[in-house]
Amino acid sequence: MEYRHTTVLLHELVDAVFTDPDGTYIDCTLGGAGHTALLLSRLSERGRVIGIDRDDDALKHASETIRDSRLQLCKSNYAEIAEIAREYAPEGVCGILADLGISGQQVDDGSRGFSYAADAFLDMRMDRTQTLTAYHVINTYPREELARILRDYGEERFAGRVADRIVRAREEAPIETTLALASVVASALPKQDKKEGHPCKRTFQAVRIEVNGELSGVEKLLEDGVPCLRSGGRMGVISFHSLEDRLVKTAFARMEHPCTCPKDFPVCVCGKKPIAKVLTRKPVLPSEEELRANHRAHSAKLRCCEKL
């Protein structure tokens, strides 16, 4: 299948993190390599980009379309950014980019099992060499764990009902495909809920996040990424749902105001000093023009911080 992905907030993210044409940058979510390609166009011969992705298809696409010695491809999880930075950029990096969530290519390739628009095996792995799949989550997780995942990762109001229906259905036969899961989920939801977009959207999001460990990975990226920056270096993160955005907003605020002393203390005694300043008091949103051109950009939010 031809690799197709429309990069969201293309110029906005690169503008946010670009500070030095001679510097080293890390694109934590290479995807279709749109951000990386634009960044490379602004760098000098001494500049470099380290492109990280878990998906072999994304790495293959980048290697075939960007033939540039300044790009170093790395198959890894962005949660390992500290180790990657130590290996590839021990001198420190000038910018870190992250475009979180799933890529358009992964959704559009029905065989990957991310979408309820096509029938496929329940896979949902970004890295297809890992063992945990959506099939395993849906067919082996206890009812209570399923409900927790749906509630915490999908913000599903009817998490208990959906989990009950999944457990009952799999007792009769394993739930093996995306359309089979979609049918089970739809049968568990009240009619009025089905008017608020596709009834399976929240469940598929929750299972995908669980399979790929996305939220724990984001927390690790935020915690370990900023210390990898040189003074004045920047981290820019695009999120696509409230769970991710809340993690980014909270982490950046904590780096800017790390003091844990009670508010009534006249002076700080905890000794924690700010390590970054927030550059986006409100998230940067896609323009009306971008929203008209790419419906998948609607929930995108960009936040950026700068290391002190």
Side-chain angles (χ1 to χ4, degrees), residues 2-106 126-127 129 217-218 220-222 224-238 276 279-280 284 290 300 302-307:
E2 181 184 353
Y3 199 100
R4 296 178 181 177
H5 175 69
T6 303
T7 304
V8 174
L9 291 170
L10 173 60
H11 290 274
E12 290 86 346
L13 179 54
V14 174
D15 289 346
V17 303
F18 183 74
T19 59
D20 183 355
D22 297 330
T24 298
Y25 296 80
I26 299 179
D27 186 344
C28 296
T29 49
L30 187 65
H35 292 118
T36 282
L38 180 58
L39 191 53
L40 285 168
S41 73
R42 298 187 181 184
L43 295 180
S44 71
E45 292 183 0
R46 292 190 295 273
R48 291 191 303 143
V49 177
I50 302 161
I52 304 171
D53 210 294
R54 287 189 275 179
D55 194 326
D56 290 312
D57 290 349
L59 295 168
K60 181 175 183 289
H61 170 73
S63 69
E64 293 174 346
T65 57
I66 303 179
R67 301 185 183 279
D68 193 320
S69 60
R70 297 172 300 167
L71 173 60
Q72 173 70 57
L73 298 179
C74 175
K75 180 175 181 178
S76 188
N77 187 327
Y78 52 61
E80 306 301 324
I81 189 167
E83 291 79 1
I84 294 167
R86 276 196 296 269
E87 180 177 354
Y88 293 100
E91 73 282 2
V93 297
C94 292
I96 296 173
L97 307 77
D99 181 355
L100 303 177
I102 191 172
S103 75
Q105 170 69 16
Q106 290 167 330
M126 293 179 179
D127 178 359
T129 65
V218 171
K220 196 80 164 54
L221 167 64
L222 297 168
D224 294 349
V226 171
C228 298
L229 293 168
R230 300 169 63 181
S231 178
R234 295 177 176 181
M235 173 183 275
V237 182
I238 299 174
L279 301 180
T280 48
V284 177
E290 179 171 8
L302 165 63
R303 296 185 186 272
C304 183
C305 72
E306 180 177 288
K307 186 176 181 182

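Values in this document were obtained by computation on a predicted structure and should not be read as measured data. Just the heavy atoms: all of them, side chains too, but no hydrogens, waters or symmetry mates, feed the values below.
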| field | Q106, H61, K75 screened by side-chain hydrogen bond (donor to acceptor under 3.5 Å, both in side chains) with D55, the one that passes | value | Q106

| query | So, for V226 and K307, which heavy atoms are closest and what is the spacing to 0.1 Å? | reply | O-CD, 3.4 Å

| remark: Rounded to the nearest 0.5 Å, the CD atom of Q72 sits from the CD atom of E87 at a distance of 8.5 Å

| request: Go through L43 and F18 one step at a time and tell me if the side-chain contact (heavy atoms from CB on, under 4.5 Å) criterion holds. | output: CA-CA 9 Å; L43 295 180; F18 183 74; 3.7 Å; yes

| For the residue pair A62 and L30, what are the closest heavy atoms and their distance? | CB-CD2, 3.5 Å

| task | Name all residues meeting the side-chain hydrogen bond (donor to acceptor under 3.5 Å, both in side chains) criterion together with E306; count only those two or more places apart in sequence or in a different chain, and write none if there are none. | result | R234

| request: Considering non-hydrogen atoms only, spot the tightest contact between A82 and D224 and give its length. | output: CB-CB, 4.1 Å

| task | State the CD-CD1 distance between E83 and I81, to the nearest 0.5 angstrom. | result | 10.0 Å

| message | Counting only heavy atoms not in E45 (residues, nucleotides, ligands), do more than 12 fall under 6.0 Å from its CD? | response | no

| query | Any sub-3.5 Å donor-acceptor pair from S44's side-chain atoms to P21's backbone N or O? | reply | yes

| query | From D53 CG over to L59 CG, what is the distance, rounded to the nearest 0.5 angstrom? | reply | 5.5 Å

| task | Answer yes or no: is there a donor N or O on one side and an acceptor on the other, between the side chain of Y25 and the main chain of D20, under 3.5 Å? | result | yes

| query | How long is the span from the OG1 atom in T19 to the CZ atom in R230, to the nearest 0.5 Å? | reply | 8.0 Å

| query | Nearest heavy-atom pair of L71 and G51: which atoms, and what distance? | reply | CD1-N, 4.0 Å

| task | State, with a plain yes or no, whether a side-chain heavy atom of E80 is found less than 4.5 Å away from one of I52. | result | no

| query | For C94 and G23, which heavy atoms make the closest approach, and how far apart are they? | reply | SG-CA, 3.6 Å

| query | Taking 4.0 angstrom as the limit, do D127 and R54 come out as a salt bridge? | reply | no

| said: Counting neighbours of CZ on R70 that are heavy atoms of other residues, nucleotides or ligands and sit closer than 6.0 Å, is the number greater than 12? | reply: yes

| query | What's the spacing between L302 CG and L9 CG if we round to 0.5 Å? | reply | 6.0 Å

| message | When you measure from the side chain of T24 to the backbone of R48, do you find a donor-acceptor pair of N or O atoms at a distance under 3.5 Å? | response | no

| field | Stepwise side-chain contact (heavy atoms from CB on, under 4.5 Å) check, L13 with T7 | value | CA-CA 10 Å; L13 179 54; T7 304; over 6 Å; no

| When rounded to the nearest 0.5 angstrom, what distance separates CD1 in I50 from CD1 in I26? | 4.5 Å

| said: Measuring only between side-chain heavy atoms, which start at C-beta, is V93 closer than 4.5 Å to Y88? | reply: no

| Distance-minimising heavy-atom pair for G236 and V17 | N-CG1, 3.4 Å

| field | Within residues 29-42 or reaching into it, pairs that qualify as side chain to side chain donor-acceptor pair (under 3.5 Å) - sequence neighbours excluded | value | D15-R42, D27-T36

| field | With sequence neighbours excluded, residues passing side-chain hydrogen bond (donor to acceptor under 3.5 Å, both in side chains) with N77 | value | none

